[in-house]
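Since the structure comes first, as structure tokens, the remarks are kept for the end.
Since the model is a prediction, treat every value here as computed from it, not as a measurement. Just the heavy atoms: all of them, side chains too, but no hydrogens, waters or symmetry mates, feed the values below.
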Amino acid sequence: MTIATPERYAEMLDAARRGGYAYPAINVTSTQTLNAALQGFADAESDGIIQVSVGGSAYFSGQRVNDRVVGSLAFAAFAHEVAAKYPNITVALHTDHCAKQYLDEWVRPLLAHEAEQVKRGEEPTFQSHMWDGSTVPLEENLDIAEELLEKSVKAHTVLEIEIGAVGGEEDGHSAEINEKLYSTPADGVRVAERLGLGERGRYMAAFTFGNVHGAYKPGIVQLRPRLLHDIQEEVWNAAHDGRLHSVDSEHVATCALPDLPEGKPFPLVFHGGSGSTAADIAEAVSYGVVKMNIDTDTQYAFSRAIAGHMFRNYDGVLKIDGEVGNKKVYDPRSWGREAEDSMAARVVEACKQLGSAGRALK
């Protein structure tokens, strides 16, 4: 198996939720970083998720083209070709952090494209898309989520939503580090009331518990993973005591799609995980996190290897004092291989930390 089918992706998500582990979701911005992610998953014998952000998708199209749909489709086409050479792992393709202002020029066109593919009997290009409603009120967030979930069902894709704000900065979107970074159990119940628990279509939920994008020194980010437990518990109880009128207890108890392990009604997503402690990550995963976004750490691993190469070979990569340099060390393939190996090693580390290493579905 290479790029996941919708059925295989559902199997992946259910296996992670049942098994108490999560998949690294690696952001990529180039064919080199995409190859590094695939190499890392293969080395770890792990399935995984590879994703492009709003900025990454535009960058894939070329800085003069700057078209998110073109870049996304180019990324996916390349991924489908090269992933075929990794038959022992399954990889899902995902679009990450689509804010409201980008929906009409990015995710909605992709969903329409994929719905047409499904009508023709083809597999959708992507396996999931994220709607980032963190900057709008909860009810507006869920209004848009309902619309996108309906479109996702037609496209045979999974929707990811974000409830609450993630601090820090990513692709020009920023949020302060304050109490808005913490979702509540009441938020979780409202999400289940509006979107159901899988019977209306599969979705993943990124509830915020102090998450922050970017790199920060110890002590700046105050995660509260226990909040995820509280949200899951409240929604599970609400589903069984009649408070969730849209989902009766019998349906929840027997729902085959998706699988609902005891006490974990939501498949959860961990955003802003770079720099988090191993204890916080393990605790979050234990409460039902099945996907953890990783970008800052893999970016650094990739670029750090390039910096090391340049410093070691500065008199070869630069034409100093009228010399001609050394083509072997300024050839992009020389530093590119080092960068890919370094990033792949960081992906392996993430797979081990999240428990997906050695658990590729057969």
Side-chain angles (χ1 to χ4, degrees), residues 3 23-42 48-83 86 91-99 101-102 105-107 109-110 125-130 132 160 166 168-174 212-215 269 271-275 291-310 332-351:
I3 300 298
Y23 299 107
I26 307 300
N27 279 78
V28 300
T29 55
S30 66
T31 55
Q32 282 191 297
T33 50
L34 170 54
N35 280 329
L38 287 170
Q39 179 183 326
F41 284 129
I49 299 166
I50 300 178
Q51 58 192 27
V52 286
S53 67
V54 60
S57 60
Y59 188 76
F60 251 108
S61 73
Q63 59 183 327
R64 294 293 182 267
V65 177
N66 200 39
D67 186 303
R68 294 179 178 87
V69 171
V70 170
S72 297
L73 294 177
F75 150 75
F78 187 88
H80 276 267
E81 289 295 326
V82 295
Y86 296 90
V91 175
L93 306 181
H94 177 81
T95 60
D96 184 38
H97 280 286
C98 182
Q101 64 267 35
Y102 304 119
E105 62 186 62
W106 191 26
V107 164
L110 287 174
T125 300
F126 283 84
Q127 286 66 60
S128 53
H129 300 282
M130 182 195 170
D132 182 352
E160 179 183 332
V166 175
E169 189 277 333
E170 181 174 65
D171 278 332
H173 170 67
S174 61
V212 176
H213 288 133
V269 181
H271 288 172
S274 295
K291 173 180 182 280
M292 178 174 167
N293 290 7
I294 300 175
D295 186 18
T296 302
D297 288 355
T298 45
Q299 282 184 350
Y300 181 76
F302 189 86
S303 295
R304 179 63 183 83
I306 296 172
H309 177 94
M310 298 304 172
R333 290 169 293 184
S334 63
W335 51 261
R337 291 189 183 99
E338 293 183 41
E340 289 181 29
D341 284 343
S342 178
M343 179 173 162
R346 183 62 184 84
V347 173
V348 171
E349 179 184 338
C351 293

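- Between the side chain of S61 and the backbone N or O of R68 there is no donor-acceptor pair closer than 3.5 Å.
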Residues F302, T298; criterion side-chain contact (heavy atoms from CB on, under 4.5 Å); working and verdict: CA-CA 6 Å; F302 189 86; T298 45; over 6 Å; no

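- Shown here for A350 and I294, the closest heavy-atom pair between the two residues is CB-CD1, 3.3 Å.
- With contacts defined as side-chain heavy-atom distances shorter than 4.5 Å, the pair S57/F75 does not qualify.
- Side-chain contact between K291 and H94 is present, with at least one heavy-atom pair separated by less than 4.5 Å.
- Taken from CD in E338 to CE in M310, the straight-line distance is 9.0 Å, to the nearest 0.5 Å.
- With rounding to the nearest 0.5 angstrom, the CG atom of L38 is 4.0 Å from the CD1 atom of I50.
- A305 and A339 make their closest contact through CB-CA, 3.7 Å (heavy atoms, listed as atom of the first residue, atom of the second, distance).
- A heavy-atom distance below 4.5 Å is found between the side chains of N35 and F78.
- Considering every non-hydrogen atom in both V54 and W106, the closest pair reads N-CH2, 3.4 Å.
- Put simply, the side chain of L93 reaches to within 4.5 Å of the side chain of H80, judged on heavy atoms.
- A donor-acceptor contact shorter than 3.5 Å links the side chain of S342 to the backbone of A301.
- Considering CG of N27 and CD1 of I49, their distance stands at 11.0 Å, rounded to 0.5 Å.
- Taking a 6.0 Å sphere around CD of E81, one finds it holds 12 or fewer heavy atoms contributed by other residues, nucleotides or ligands.
- Annotation: side chain of I3 is in contact with side chain of Q127 (closest heavy-atom distance under 4.5 Å).
- The distance from atom CD of E160 to atom CD of Q51, rounded to the nearest 0.5 Å, is 7.0 Å.
- From R337, atom CZ reaches atom CD of Q39 across 11.5 Å, with rounding to the nearest 0.5 Å.
- With contacts defined as side-chain heavy-atom distances shorter than 4.5 Å, the pair H97/N293 qualifies.
- Side chains of L110 and S72 form a contact here, defined as non-hydrogen atoms less than 4.5 Å apart.
- A36 approaches E340 most closely through the heavy-atom pair CB-O, 3.6 Å.
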Evaluate the criterion side-chain contact (heavy atoms from CB on, under 4.5 Å) for residue pair D297 and E349; output intermediate values, then yes/no. CA-CA 11 Å; D297 288 355; E349 179 184 338; over 6 Å; no

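- For the residue pair Q32 and G336, the shortest heavy atom distance occurs at NE2-CA, 3.3 Å.
- Taken from CD in Q299 to CD1 in I26, the straight-line distance is 11.0 Å, to the nearest 0.5 Å.
- Here the shortest heavy-atom pairing between Y59 and T29 reads CD2-O, 3.2 Å.
- Between Y86 and V91, every side-chain heavy-atom pair lies at or beyond the 4.5 Å cut-off.
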Tell me, with the steps shown, if H129 and C98 meet side-chain contact (heavy atoms from CB on, under 4.5 Å). CA-CA 8 Å; H129 300 282; C98 182; over 6 Å; no

Full working for side-chain contact (heavy atoms from CB on, under 4.5 Å) between V107 and Y102: CA-CA 7 Å; V107 164; Y102 304 119; over 6 Å; no

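- Of the possible donor and acceptor atoms, none in the side chain of S303 sits under 3.5 Å from a partner among the backbone N and O of Y300.
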